[in-house]
Amino acid sequence: MRVAIVTGASSGIGAALCRALRARGWHVVGLSRRPAAEADEHEECDVGDRAAVEAVAARVLGRHPRIELLVNNAGIPGRAGFLDAGPDRIEEIARTNYLGSVWCLLAFLPGLEAGSHVVNVVSVAGTVADGPYTAAKHAQLAFSRSIAVELAPRGISVHTVNPGFVETPGFPQRTRFGALGGRLVVDPPLVAERIVAAVERDRREVFVPRWYRPAAWAQALFPGLVANARGRVAVRRSRR
């Protein structure tokens with residue numbers, strides 16, 4: 001029996017991924033704050049709480065000593081900037097969207113062996129700069145790339161998945177973009193499909209949809225130009 005751990009499993013990408021994995025014969029343990037109806041087993045867990053993650057991992061590893069797939073998918077929204085989000089919200093975003101992946105990897109590491117896979121569901125937002133959410137996702141991206149090197153000697157593969165705008169209960173997007181929503185926004189099953197493909201085809205870093213990749217290139221190649229352009233836009237908006 002192939003066992004997969006999926007965080008943020010109660011809805012959105014996590015629920016869609018549970019369905020996709022179970023259709024392929026995986027036994028899925030879902031971790032989330034709310035019940036995960038699409039998983040075979042569910043453990044209530046706030047991934048931003050290190051003690052809670054360690055307790056859940058101990059219970060799960062007691063039942064399933066070998067974990068072949070760990071998907072760090074849990075995340076919370078955070079559209080505010082650093083100057084108006086507030087310290088508590090900034091800390092909550094960092095705990096869930098970045099440290100949650102770190103705590104889950106460390107807690108489940110005893111069950112990951114050669115041939116296992118780790119997937120970090122980051123975001124295109126992690127490749128740009130726009131407030132606490134993107135900063136946390138940027139940290140998660142760096143973590144994913146770093147741990148890929150550290151786990152390589154153990155024979156564990158790490159995959160980074162960067163979705164663009166996805167329509168989920170926690171991140172409603174189509175109404176945000178109006179008529180452009182149909183082109184800019186994708187649905188969770190597509191992301192789940194790409195996650196499974198990344199694991200099955202050993203793709204180490206993918207964007208969903210693929211055409212979001214140029215945004216990451218622009219930020220990486222021309223950070224000064226991007227910052228200056230966005231700064232000018234912010235100044236114009238502040239004068240309205």
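Values below: every heavy atom of this structure, side chains too, minus hydrogens, waters and symmetry copies.
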Verify the cluster assignment for [X] and [Y]: are they in a single hydrophobic cluster under the rule of side-chain heavy atoms below 4.5 Å apart?
| X | Y | value |
| --- | --- | --- |
| I195 | V28 | yes |
| W26 | V71 | yes |
| V161 | I156 | no |
| V208 | V119 | yes |
| V118 | V206 | no |

Taking everything shown except [X] itself, do over 12 heavy atoms lie less than 6.0 Å from its [atom1]?
| X | atom1 | value |
| --- | --- | --- |
| H117 | NE2 | yes |
| R66 | CZ | yes |
| E44 | CD | no |

Is there a side-chain contact between [X] and [Y] in this structure, where contact means two heavy atoms from C-beta onward sitting under 4.5 Å apart?
| X | Y | value |
| --- | --- | --- |
| V196 | L17 | yes |
| L105 | L151 | yes |
| L112 | L109 | yes |
| W103 | V47 | no |
| R24 | V199 | no |
| V186 | R194 | no |
| L31 | F108 | yes |

- Evaluate side-chain contact (heavy atoms from CB on, under 4.5 Å) for L106 paired with R50, printing each intermediate quantity in order. CA-CA 10 Å; L106 296 178; R50 180 162 57 90; over 6 Å; no

To the nearest 0.5 angstrom, please state how far the [atom1] atom of [X] sits from the [atom2] atom of [Y].
| X | Y | atom1 | atom2 | answer |
| --- | --- | --- | --- | --- |
| S101 | Q140 | OG | CD | 3.5 Å |
| E150 | I147 | CD | CD1 | 4.0 Å |
| N97 | N72 | CG | CG | 11.5 Å |
| M1 | D40 | CE | CG | 8.5 Å |
| I93 | R79 | CD1 | CZ | 11.5 Å |
| C18 | I13 | SG | CD1 | 12.0 Å |

Hey, does the side chain of [X] reach the backbone of [Y] with a donor-acceptor pair shorter than 3.5 angstrom?
| X | Y | answer |
| --- | --- | --- |
| N73 | G8 | yes |
| T7 | A74 | yes |
| N120 | T160 | no |
| H159 | R203 | yes |
| H138 | T127 | no |
| S116 | I67 | yes |

- For S10, what residues pass the side chain to side chain contact (heavy atoms under 4.5 Å, CB included) criterion, not counting sequence neighbours?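 In terms of side chain to side chain contact (heavy atoms under 4.5 Å, CB included), with neighbours along the sequence ignored, S10 is linked to S32, R34.
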
- Applying side chain to side chain contact (heavy atoms under 4.5 Å, CB included), name anything that partners D84, two or more places apart in sequence or on another chain.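 If we apply the side chain to side chain contact (heavy atoms under 4.5 Å, CB included) test to D84, skipping adjacent residues, the hits are A80.
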
- Query: With the threshold set at 4.0 Å, does a side-chain nitrogen-carboxylate oxygen contact exist between R89 and E92?
  - Reply: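 Answer for the salt bridge query: yes.
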
- Query: Residues in salt bridge (charged side-chain N to carboxylate O under 4.0 Å, His left out) with E38, at least two apart?
  - Reply: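 Partners of E38 under the salt bridge (charged side-chain N to carboxylate O under 4.0 Å, His left out) test: R19.
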
- Test E43 against R63 for salt bridge (charged side-chain N to carboxylate O under 4.0 Å, His left out), laying out the working first. CA-CA 12 Å; E43 289 279 353; R63 302 192 301 269; 3.1 Å; yes

Could you pull out the closest heavy-atom pair between [X] and [Y], with the gap in Å?
| X | Y | answer |
| --- | --- | --- |
| A94 | A136 | CA-CB, 4.1 Å |
| D46 | A52 | O-CB, 4.3 Å |
| G75 | T96 | CA-CG2, 4.0 Å |
| P153 | V149 | CD-O, 3.4 Å |
| P163 | V121 | CG-CG1, 3.9 Å |
| Y133 | A125 | CE2-CB, 3.7 Å |

- Among R22, R2, E41, whose side-chain hydrogen bond (donor to acceptor under 3.5 Å, both in side chains) with H27 holds?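 Among the candidates, only E41 passes.
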
- Task: Give the intermediate values and the outcome of side-chain contact (heavy atoms from CB on, under 4.5 Å) for residues L141 and N162.
- Result: CA-CA 9 Å; L141 176 62; N162 297 312; 4.2 Å; yes

